[in-house]
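Letters A, B, ... mirror the listed sequences (proteins, then strands); counts begin at 1.
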There are 2 protein chains.
Amino acid sequence: MNKQSIKLSVDAVVFGYEEGIISVLLIKRKYEPFKGKWAIPGGFVLNDETLECAVERELQEETGIKINYLEQLYSFGDPERDPRGRIVSIAYFGLVRPNAFKIFASTDASEVEWFNIKELPELSFDHENILDLAIKRLQGKITYEPIGFELLDKKFPFSDLEKLYVTLLGRDIDRRNFRKKIISFNVLDELNEKVSKGSGRPANLFQFNKKRYFQLKKEGIIFEI
Amino acid sequence: MNKQSIKLSVDAVVFGYEEGIISVLLIKRKYEPFKGKWAIPGGFVLNDETLECAVERELQEETGIKINYLEQLYSFGDPERDPRGRIVSIAYFGLVRPNAFKIFASTDASEVEWFNIKELPELSFDHENILDLAIKRLQGKITYEPIGFELLDKKFPFSDLEKLYVTLLGRDIDRRNFRKKIISFNVLDELNEKVSKGSGRPANLFQFNKKRYFQLKKEGIIFEI
DNA sequence: TTCATATGCGTAATTTAAACACAAAAATAA
DNA sequence: TTATTTTTGTGTTTAAATTACGCATATGAA
């Protein structure tokens, strides 16, 4: 058999959210190809690490971030996708609470920045395709899995959750029906803490109960917006 | 940087359906490791072929089958998954009409056989995990994408479709409501042909209109059971 | 001719989702 | 101090979708 000369990399589309803005973490490439251009963080998989480890390592090295939620997105294998040769990339999709970490650039990255997904720069390789797919996945997934909480603070008022969904789904939601629906899934703990932002009645804080969610999931109860 | 020595393979879980039985195509391995054991068809990706081409080539070589529907399933990269060394496999998920092809074994396979997914043999590598995931994907996907038709004859009576769904979902369906729902999606052409199987009123034949489905999908209409 | 079997079409009951109204608690303005 | 604005919290009413179910029709078999 011919000797295979395919290299394997991982890439990670990391989303953050704050105040009605979904952002994605990009790095500016320090080396060729696409030197000086923005790209999704990622890099080659080491011989003895799992794919997830590779993603976490690359993110730590290039951006200093530690991921909150990570799942595999898709594998991209077009022979022409990388000018250096045949590089197949397994793309991941991650969520973080942006204010929880200080980002910094190092190794292959000369800069790291959060970009509003509505105002993206031109990207390297086929990273635009990867990012598009990740956005679709995020938008789809929040309607049937409670991953939105991974983007909010641990304790949050209901209005934050609602605003996140409005932003992600890109359409208005009836506040009262939304609240009823979420409450009915029984995965939120209501805390005895209130928070006041400016004027208006102070809001009660809620917390996502992941343990309870997994119990309900086992019993076949489905989270669906 | 250390020289990467990871090999890349593709594997395909191919499902067929006939008379209330979902089956999966397996090969018996001709060579070590796992010589003589059953496995999902697959093999190494060539340097200049796309991943989909690799899957189709391997299926053709090992089993003689041509796939009807193919989509990427998941990538498996555990460093310990293959005793030969680090081999990352990108798994695909395919559907065929089993009576449409004559299967035969060649190259790496000493035998090829359709197995009822309820009566599976022990499998090589981590192929049991891959197969489990594929079954879940199939069961999930038929409820929101009209892929079930890819398993039926081009022209089929409604009862065939219903039986397929009962088999895949593992629960009873109200025949009349099911029919109404499917009809309401407007993706079936009713033909002026009838077919009679044994006793009972002859059934009208239907045909899936893929073109119409893509039109409706563009308009945002969702197929959901 | 009658019976068993599977198809095809319809309506009623129930459940779920969507639309909508107003009270409560705080900051701000008069 | 009092009225006004703003945001939160809790309903109820109406429309839509789902589920349950009844019965006529066309065939093969007894």
Is any NZ, NE, NH1 or NH2 atom of the basic residue among [X] and [Y] found under 4.0 Å from an Asp or Glu carboxylate oxygen of the other?
| X | Y | result |
| --- | --- | --- |
| A:Lys155 | A:Asp153 | no |
| A:Arg29 | A:Glu111 | no |
| B:Lys28 | B:Glu113 | no |
| B:Glu224 | B:Lys181 | no |
| B:Lys197 | B:Asp160 | yes |

Out of [options], which has the shortest distance to the side chain of [X]?
| X | options | value |
| --- | --- | --- |
| B:Asn177 | D:dG28, D:dG9, D:dT19 | D:dT19 |
| A:Phe158 | D:dG9, D:dT10, D:dG28 | D:dG9 |
| A:Arg176 | D:dA26, D:dT8, D:dG11 | D:dG11 |

Return the value, rounded to whole Å, for the distance between atom [atom1] of [X] and atom [atom2] of [N].
| X | N | atom1 | atom2 | answer |
| --- | --- | --- | --- | --- |
| B:Ile225 | D:dT18 | CD1 | C1' | 13 Å |
| B:Ile183 | D:dA17 | CD1 | C1' | 18 Å |
| A:Phe178 | D:dG11 | CZ | P | 19 Å |
| A:Asp174 | D:dA15 | CG | C1' | 14 Å |
| A:Lys194 | D:dG9 | NZ | P | 7 Å |
| A:Lys163 | D:dT8 | NZ | P | 10 Å |

Please find the earliest and latest nucleotides of DNA chain C, in the 5' to 3' direction, that have an atom within less than 4.0 Å of any heavy atom of chain A.
C:dA18 to C:dA27

Check: D:dT12 base within 3.5 Å donor-acceptor of A:Lys180 side chain
yes

Quick one: on DNA chain C, does A:Arg201 or A:Arg175 contact a more 5' nucleotide (nearest heavy atom)?
A:Arg175

What I want to check is whether the side chains of A:Asn204 and A:Glu190 have a donor and an acceptor closer together than 3.5 Å.
yes

Within 45 degrees of the ring normal and closer than 6.0 Å to the centroid, is that where the cationic atom of B:Arg179 sits relative to B:Phe158?
yes

Counting the atoms with a prime plus P, OP1 and OP2 as sugar-phosphate, which does A:Lys197 contact under 4.0 Å by heavy atoms, base, sugar-phosphate, or nothing?
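Since no nucleic acid heavy atom lies under 4.0 Å of A:Lys197, the category is nothing.
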
